[in-house]
There are 2 protein chains.
Amino acid sequence: MTKSSGRASKRRTKINDVAKRAGVSISTVSRVISNSTHPVNDQTRERVLRAAHELDYAPSALAKAMVTKKSFMVGVIVGDTMDPFFAAIVRGVEDVGREKGFLVIVANSDRKPDLEYQYIKTLNDYQADGIIFAGGGLKDEEYLENVTKTLEKFQNRDAPVMTLGNHLFPSYGVMVDNEMIIYDAAQYLIKLGHRKIGYITGPDNITTSELRLVGYSRAMQEIGEKEWIFAGDYMYDGGLHAAEEIVALNEKPTAILASNDRMAIGCAVGLKKLGVRIPADISLISVGGITSTEFISPPITSIYLPLYDLGAEAMRKLIRIREGKEERLGKTILKHGLVERASTAPLNN
Amino acid sequence: MTKSSGRASKRRTKINDVAKRAGVSISTVSRVISNSTHPVNDQTRERVLRAAHELDYAPSALAKAMVTKKSFMVGVIVGDTMDPFFAAIVRGVEDVGREKGFLVIVANSDRKPDLEYQYIKTLNDYQADGIIFAGGGLKDEEYLENVTKTLEKFQNRDAPVMTLGNHLFPSYGVMVDNEMIIYDAAQYLIKLGHRKIGYITGPDNITTSELRLVGYSRAMQEIGEKEWIFAGDYMYDGGLHAAEEIVALNEKPTAILASNDRMAIGCAVGLKKLGVRIPADISLISVGGITSTEFISPPITSIYLPLYDLGAEAMRKLIRIREGKEERLGKTILKHGLVERASTAPLNN
DNA sequence: ATGAAAGCGCTAACAT
DNA sequence: ATGTTAGCGCTTTCAT
């Protein structure tokens, strides 16, 4: 076997080296390096610190994790980091993670059950101190069975399972009120005088889509108006297709409610391309909170979701739970808001 | 000491449990589980596999990493995951990482030297199998000294240090030709008849900014035109401010070259707000490859950078090097391209 | 206040 | 083909 590369040679400094140099036992070194509460003479402490510094000692986090059973790693499962929606969440997780000394591992699942399951297992193998599921829950049965089983191992290790959406396995949650979000968006359009409101759904394999649809249905029922549904996928193309469908209609909705930002953008681009003026001909409102809705023209009116905070709060809660400071399997609900921009206008006819 | 949470109790299945159940030694279990080349009787293998399955055995990646000295974790240092520029890179890294069995740890540095240094140390503590620096290099002196020292430990562990920009410490690289990128963008404008071309720079603590500026300077020199520089920061606001500066000028450039997408977007929004028509009054070209330049109106002409591929290729190369299949400390250069959209037009006067 | 020694869960020689 | 054993680098009783 050819050695992979010859240049490497210097041995990593380990606790024993420091101990020797400081003329103490490794236990003492361990105590001062890891800030143990165990008493250590100030002089000794000094000597150890100096030796450690001179040898440029960096304790192995792996060895430490192994014995303490705390890896200080957490995994966050997202659909796609390139989706600004998830990017904001990940950033929130990462910021508080770093502050508290946690490493965050990003797992892109593309919403595929088996990929996601694979990742969950791997994170368990690494004894991740917790796992955060961003986005809505998958409904695939086999997935649920497998995942639920693996997540029990997390529980057994006191590694909290956090969800930011409604998942179908036991978990702690930090979330927004998915039904109200859409309901509020619809209400906003209704207050502007719209009644013929189209709705672009999310993909139907995700729990969030269901809940959001309920919000829309409720709003429509209240005004006694029929539902006007366009099947979406939370992607740019879904919005684009909806736009094409809409334009092909004889009787058109006067307002469109897209259940996420990406589809709203796709829809806006599609409508404009097909000669529909926003909001003169059709009003458009989205749900999300990613910045690009702001730069497009017209800037899109949105229900703002606190994405960054969702991630940050999930991470904080995870840590609290892991430290035994919070026992309830409760769901924390974060508030959403409305950002009025130029894509919506009162109905005028 | 109060136990943090009482519910947990089930012990994790370990290799020894499987060995007992299968009636073999732990070495044999190890051999079949880790797919060792060491011969194992098919019958025995079967028994082990069955036992492992029955006990739902999941080997500790931590223990394995410790003894093999391969953690199968890599860190990727980015300015900000929320920046689509970095998001694309991270996705590239992650996709090939997953395929090859690597976990990727995302570190947001916000381009701050001490944050970045902190992360590098931590990644070393975890014995990351490699580290990828996305984005341009920092020039801070103290940072460089510290980082260079820590990165030597990566070398000593045969953990490749990869950079996607021009960094000031030894590393393997996958990058674009920063000078040519800008030069090509300028050439495009020049071919459209523009001569009075403004340039929005990147922040001056980053190596990439320098290189890009050289590309601009060279293009201007070739046509004997004076440089017209607006100080930027690679952020939306930088572009916005540049727009304000430009509008306040008596004699205005006829075209603007923004050294990244975000600033181009900021600039476009700013110019439009101040009544400047793009491209009728001023042409605008950007450098990057993030999708939002496509949705804004007018869609922005850009030099396209292969961001995803930069990440993917860096990860591939990292693995190759780690396996000893590639020794050269060479830089791989990936090609850029031009995407013509609606923000540029021939000069007409 | 310090040290010795027993693990944490695994792999990799080295026997047999 | 299988088993024994010595680590990997640390923390943590349990002595002293």
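Values reported hereafter were calculated over all heavy atoms of this structure, with side chains retained and with hydrogens, waters and symmetry mates removed. Naming: A, B, ... by sequence-line order, numbering from 1 per chain.
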Starting from [atom2] on [N], measure out to [atom1] on [X] and report it in whole angstrom.
X	N	atom1	atom2	value
A:I33	D:dT11	CD1	P	9 Å
A:N16	D:dC8	CG	C1'	13 Å
B:D125	D:dC8	CG	C1'	16 Å
A:N35	D:dT11	CG	P	11 Å
A:R12	D:dG9	CZ	P	8 Å

Steps toward side-chain hydrogen bond (donor to acceptor under 3.5 Å, both in side chains) verdict (B:T150, B:N124): CA-CA 8 Å; B:T150 306; B:N124 182 58; over 6 Å; no
Axis deviation across the helix from C:dA1-D:dT16 to C:dT16-D:dA1, five-pair ends, to the nearest 10°: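 Taking the rotation axis at each end, their angle is 40°.
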Sorted by number, the residues of residues 46-67 of chain B with heavy-atom contact under 4.0 Å to DNA chain D: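 By residue number: B:M66, B:V67.
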A:K14-A:S60 side chain donor-acceptor pair, cut-off 3.5 Å: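 No.
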Side chains of residues 29-41 of chain A: which donor-acceptor partners sit under 3.5 Å, not counting sequence neighbours?
unit_1: A:S34; atom_1: OG; unit_2: A:S30; atom_2: O; d: 2.6
unit_1: A:S36; atom_1: OG; unit_2: A:H38; atom_2: N; d: 2.9
unit_1: A:N41; atom_1: OD1; unit_2: A:Q43; atom_2: N; d: 3.0

Do any side-chain atoms of residues 45-52 of chain B form donor-acceptor pairs under 3.5 angstrom with protein atoms, and if so which ones, sequence neighbours left out?
unit_1: B:R47; atom_1: NE; unit_2: B:A22; atom_2: O; d: 3.1
unit_1: B:R47; atom_1: NH2; unit_2: B:A22; atom_2: O; d: 3.4

Of all pairs that satisfy ring-ring contact (aromatic ring centres under 6.0 Å, His included), the ones with a partner from residues 57-82 of chain A, not counting sequence neighbours: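 Checked against ring-ring contact (aromatic ring centres under 6.0 Å, His included) - neighbours excluded - the pairs reaching residues 57-82 of chain A are A:F72-A:F102.
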Summary of ring-ring contact (aromatic ring centres under 6.0 Å, His included) pairs that have at least one residue in residues 133-160 of chain A, sequence neighbours excluded: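 Of all non-adjacent pairs touching residues 133-160 of chain A, those that pass ring-ring contact (aromatic ring centres under 6.0 Å, His included) are A:F133-A:H167, A:F133-A:F169.
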Residues in salt bridge (Lys or Arg N to Asp or Glu O under 4.0 Å) contact with A:E145, at least two apart in sequence or another chain: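 With neighbours one apart ignored, the set is empty.
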Listed partners of A:K153 passing salt bridge (Lys or Arg N to Asp or Glu O under 4.0 Å), at least two apart: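 Scan of A:K153 (salt bridge (Lys or Arg N to Asp or Glu O under 4.0 Å), adjacent residues dropped) gives B:D56.
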Check nucleotides 3-5 of chain D for protein N or O atoms closer than 3.5 Å to its own N or O atoms and list the pairs.
unit_1: D:dG3; atom_1: OP2; unit_2: B:S25; atom_2: N; d: 2.6
unit_1: D:dG3; atom_1: OP2; unit_2: B:S25; atom_2: OG; d: 3.2
unit_1: D:dG3; atom_1: OP2; unit_2: B:T28; atom_2: OG1; d: 3.1
unit_1: D:dG3; atom_1: N7; unit_2: B:R31; atom_2: NH2; d: 2.6
unit_1: D:dG3; atom_1: O6; unit_2: B:R31; atom_2: NH1; d: 3.3
unit_1: D:dG3; atom_1: O6; unit_2: B:R31; atom_2: NH2; d: 3.4
unit_1: D:dT4; atom_1: O4; unit_2: B:S27; atom_2: OG; d: 2.8

Sugar-phosphate, base or nothing in reach of B:S36, heavy atoms under 4.0 Å: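 The residue B:S36 makes no contact with any strand.
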Sugar-phosphate, base or nothing in reach of A:S30, heavy atoms under 4.0 Å: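 It contacts base atoms.
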Residue met sooner reading DNA chain D from 5', once B:R45 and B:K69 are mapped to nucleotides: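 Result of the comparison: B:R45.
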Matching residue for B:D129 among B:K69, B:R322, B:K70 - test: salt bridge (Lys or Arg N to Asp or Glu O under 4.0 Å):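 Running salt bridge (Lys or Arg N to Asp or Glu O under 4.0 Å) over B:K69, B:R322, B:K70 with B:D129 returns exactly one hit, B:R322.
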Boundaries of the DNA chain C segment in contact with chain A, non-hydrogen, under 4.0 Å: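 Result: C:dA1 to C:dG9.
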A:K149 atom NZ, neighbour heavy-atom count above 12 within 6.0 Å: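 No.
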Electrostatic pair A:R316-A:E313, nearest N-O below 4.0 angstrom: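 A salt bridge is present here (some side-chain N lies under 4.0 Å from a carboxylate O).
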Results of side chain to side chain donor-acceptor pair (under 3.5 Å) for A:Q127 - residues two or more places apart only: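 Partners of A:Q127 under the side chain to side chain donor-acceptor pair (under 3.5 Å) test: none.
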Summary of salt bridge (Lys or Arg N to Asp or Glu O under 4.0 Å) pairs that have at least one residue in residues 106-123 of chain B, sequence neighbours excluded: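 For residues 106-123 of chain B: A:R91-B:D110.
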